[in-house]
> 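One structure, as structure tokens, below. Some questions next.
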Amino acid sequence: MIPFLLSSFLAVDGYRKGSLDLSGSICGFVLGMVVFSKPVIYGIVLAVFYLTSSKLTKMGKDRKRKVEKDYDKNSRRTWINVMANGFTGMIWALLYSRYPSLSLGGYCGHFACCMGDTWSSEIGVLSKSDPFLITSLKRVPPGTNGGLSVLGLLASLGAGLLMGLSTLLVHLWIPHERPWLLFLICVLSAFVGSLLDSLLGATLQISRLEDNSISDKGEYISGRDILDNHQVNFASSLVISLFASLSYTQ
């Protein structure tokens, strides 16, 4: 009953506040049913990621509309967004009963990576100075895939610290193995994950400038048209979570 109630709350809350469309809410409900049936730390990690990230998506809307052509369309998450950021985490959660340490490390690493990338993107785009491209260090327009800013880097680090702190607080209530190692994994997964996401975005995701906004049409800026944003998010979080799971089981 508890997994059902918590999953329903997140799904309905996301739909009501405009963070999720109907397909995203349904997909989020399924994800929640899996996660909230596991130990408490799994649900806390998901809640911290979802609640903070959905708030940041709505922050600075006017600024984001200027730099991202499809902001209003993309700000309402679909099932594709949910699966790109949640499918790997759901698989790690499903592995808990058989491989608990492998599962917990991979799960926390995954959502820390997703949270670091989200915070970096949503806060970094509000920086007053133009970002620099991770591959060339040249200044590029705000919102460019692979663009880095000091504000965005600090945001990803802050995301990792918050996620890591959340796991430590859970440990005080319901202990788990190697709490400080898990804290470190969260911090590094968020920070390194955002850098990996930027690297993939700068090289495998195309960025163009149309009417002073980032789009898939217009003047070429960087990257190749190989992966879209969802695929970049999925790939970076998968790689980070694999390293995180192996690190936690050592």
Side-chain angles (χ1 to χ4, degrees), residues 3-37 42-94 107 110-126 142-143 145 155 159 193-194 197 200-201 205-208 210-211 213-217 225 227-238:
F4 176 81
L5 292 176
L6 292 175
S7 301
S8 298
F9 169 76
L10 289 183
V12 172
D13 180 71
Y15 183 77
R16 184 175 59 85
K17 293 181 177 178
S19 299
L20 300 170
D21 70 359
L22 182 59
S23 68
S25 296
I26 294 172
C27 195
F29 173 80
V30 174
L31 172 63
M33 285 293 290
V34 172
V35 168
F36 289 121
S37 65
Y42 284 77
I44 294 297
V45 165
L46 176 62
V48 169
F49 164 69
Y50 167 72
L51 294 174
T52 61
S53 298
S54 59
K55 287 287 186 182
L56 289 177
T57 300
K58 302 297 182 181
M59 187 176 72
K61 292 186 288 186
D62 292 339
R63 165 70 171 169
K64 291 173 182 177
R65 285 191 181 100
K66 293 178 181 179
V67 302
E68 184 180 342
K69 194 171 185 64
D70 297 323
Y71 168 76
D72 289 313
K73 175 184 176 182
N74 295 334
S75 63
R76 195 172 177 88
R77 308 304 190 190
T78 68
W79 71 271
I80 300 176
N81 298 94
V82 175
M83 293 309 291
N85 288 286
F87 180 75
T88 302
M90 184 172 66
I91 297 301
W92 284 118
L94 288 170
Y107 179 86
H110 165 77
F111 278 110
C113 174
C114 293
M115 188 164 150
D117 173 55
T118 301
W119 280 40
S120 177
S121 300
E122 299 295 345
I123 295 177
V125 75
L126 303 178
N145 297 308
S194 70
D197 189 278
L200 293 177
Q205 187 178 0
I206 197 164
S207 292
R208 295 181 182 275
E210 182 182 21
D211 298 329
S213 298
I214 299 300
S215 175
D216 56 359
K217 300 177 182 179
D225 193 9
L227 300 178
D228 62 21
N229 191 57
H230 306 305
Q231 293 165 336
V232 167
N233 291 340
F234 179 82
S236 59
S237 60
L238 176 61

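Sequence positions, counted from 1, serve as the residue numbers for this chain. None of these values were measured; they are calculated from a predicted model.
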> With side chains defined as the heavy atoms from C-beta onward, is the minimum distance between Leu31 and Leu46 less than 4.5 Å?
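With C-beta onward as the side chain, the pair touches.
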
> Quick one: closest heavy-atom pair of Ser54 and Leu51, and the distance?
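That closest heavy-atom pairing would be OG-O, 3.2 Å.
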
> Does the side chain of Gln205 come within less than 4.5 Å of Asn229's, by heavy atoms?
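A side-chain contact exists here, since the closest heavy-atom pair is under 4.5 Å.
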
> Report yes if the side chains of Phe49 and Thr118 come closer than 4.5 Å at any heavy-atom pair, otherwise no.
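The answer is yes; the side chains approach within 4.5 Å.
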
> Ser207 side chain to Asn145 main-chain N or O, any donor-acceptor pair under 3.5 Å?
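The answer is yes, because a donor-acceptor pair under 3.5 Å joins these two groups.
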
> Within the structure provided, determine whether Leu6 and Leu10 are in side-chain contact (heavy-atom separation under 4.5 Å).
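Of all side-chain heavy-atom pairs linking Leu10 with Leu6, none is under 4.5 Å.
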
> Please report the shortest heavy-atom distance between Ala93 and Tyr42, naming the atom on each side.
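Shortest heavy-atom separation between Ala93 and Tyr42 comes out as CA-CE2, 3.9 Å.
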
> Any chance you could measure Tyr50, atom OH, to Asn85, atom CG, to the nearest 0.5 Å?
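Interatomic distance, Tyr50 OH to Asn85 CG, rounded to 0.5 Å: 13.0 Å.
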
> Kindly compute the distance separating OG (Ser7) from CD1 (Ile26), expressed to the nearest 0.5 Å.
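Spacing of OG (Ser7) from CD1 (Ile26) equals 13.5 Å.
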
> Where is the tightest heavy-atom contact between Leu200 and Ala235, given as atom of each residue plus distance?
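Minimum heavy-atom contact is CD1-CB, 4.1 Å.
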
> Measuring from atom OG1 of Thr88 to atom OH of Tyr107, what distance do you get when rounded to the nearest 0.5 angstrom?
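The distance works out to 12.0 Å.
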
> Please report the shortest heavy-atom distance between Gly143 and Val125, naming the atom on each side.
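So the two residues come closest at N-CG2, 4.1 Å.
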
> Rounded to the nearest 0.5 Å, what separates atom OG1 in Thr78 from atom CG in Leu20?
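So the gap between those two atoms works out to 9.0 Å.
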
> Do the non-hydrogen side-chain atoms of Met83 and Cys27 ever get within less than 4.5 Å of each other?
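Met83 vs Cys27: side chains touch.
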
> Could you state the interatomic distance from NE2 (His110) to OG (Ser236), rounded to the nearest 0.5 Å?
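The distance works out to 9.5 Å.
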
> If we only count heavy atoms from C-beta on, is the Trp119 to Thr52 side-chain gap below 4.5 Å?
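Yes. Closest side-chain heavy atoms under 4.5 Å.
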
> When you look at Phe4 and Phe36, which way does the ring-ring contact (aromatic ring centres under 6.0 Å, His included) test go after all the steps?
CA-CA 8 Å; Phe4 176 81; Phe36 289 121; over 10 Å; no

> Could you grab the distance from atom CG of Asp197 to atom OG of Ser237, nearest 0.5 Å is fine?
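Here the interatomic distance stands at 8.5 Å.
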
> When you compare the side chain of Asn81 with that of His230, does any pair of heavy atoms fall below 4.5 Å?
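When only atoms from C-beta onward are counted, Asn81 and His230 do touch, with a gap below 4.5 Å.
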
